Amino acid sequence: MSAPAPSASSGEHPREPLRLSADRDRCAGAGMCALTAPALFDQDDEEGLVVLLNPVPAPEHRAAARMAVGLCPAGAIALNSPDPTGTTGSRDSPDSPGSPDSPDSSGS
């Protein structure tokens, strides 16, 4: 059996490391991340804020990680991928400055 092909939507290879980050200062405590990807996220008992359980999702948890990023109402979760220069660049954070989906990049 051969290795899975790269994802058509992102062009990534399943073995390419992805890294999640969570901004607890931005978190609203809605819990969508913990409901969507319980292997990756939880909420703390005191404030209900995001707790990142695993910053490097296994290939079988990547789809849930992307969904959690998209469902977070506060935009507190980001999924990053290293670029060829070895630095980390934002990959799936719609509120990143300069992102085409960012409200401040209207092109005006």
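Predicted, not measured: the structure shown is a model, and the values here were computed from it. For reference, positions follow the sequence shown, starting with 1.
Between Phe41 and Ile77, the closest side-chain pair of non-hydrogen atoms falls below 4.5 Å. Contact of the Leu18 side chain with the Asn80 side chain is not registered, since no non-hydrogen atoms from C-beta on lie closer than 4.5 Å.
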Run the side-chain donor-acceptor check on residues 44-58: report pairs under 3.5 Å with partners two or more places apart or on a different chain.
unit_1: Asp44; atom_1: OD1; unit_2: Glu46; atom_2: N; d: 3.3
unit_1: Asp44; atom_1: OD1; unit_2: Glu47; atom_2: N; d: 2.7
unit_1: Asp44; atom_1: OD1; unit_2: Gly48; atom_2: N; d: 2.7
unit_1: Asp44; atom_1: OD1; unit_2: Leu49; atom_2: N; d: 3.4
unit_1: Asp44; atom_1: OD2; unit_2: Arg24; atom_2: NH1; d: 3.2
unit_1: Asp44; atom_1: OD2; unit_2: Arg24; atom_2: NH2; d: 2.6
unit_1: Asn54; atom_1: OD1; unit_2: Val56; atom_2: N; d: 3.1

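Cluster membership for Met67 and Val69, using ILVMFWY side-chain heavy atoms within less than 4.5 angstrom, is not shared.
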| query | Does the pair Leu79 and Arg19 meet the rule for a side chain to side chain contact (heavy atoms under 4.5 Å, CB included), with working shown? | reply | CA-CA 6 Å; Leu79 186 59; Arg19 180 166 291 278; over 6 Å; no
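In this structure a side-chain-to-backbone donor-acceptor pair under 3.5 Å is missing from Gln43 to Ala34.
What you find for Pro73 and Ala30 is that their closest heavy atoms are CG-CB, 3.7 Å. Here the shortest heavy-atom pairing between Ala68 and Cys33 reads CB-CA, 4.0 Å.
Rounded to the nearest 0.5 Å, atoms CZ (Arg66) and CG (Leu20) are 9.5 Å apart.
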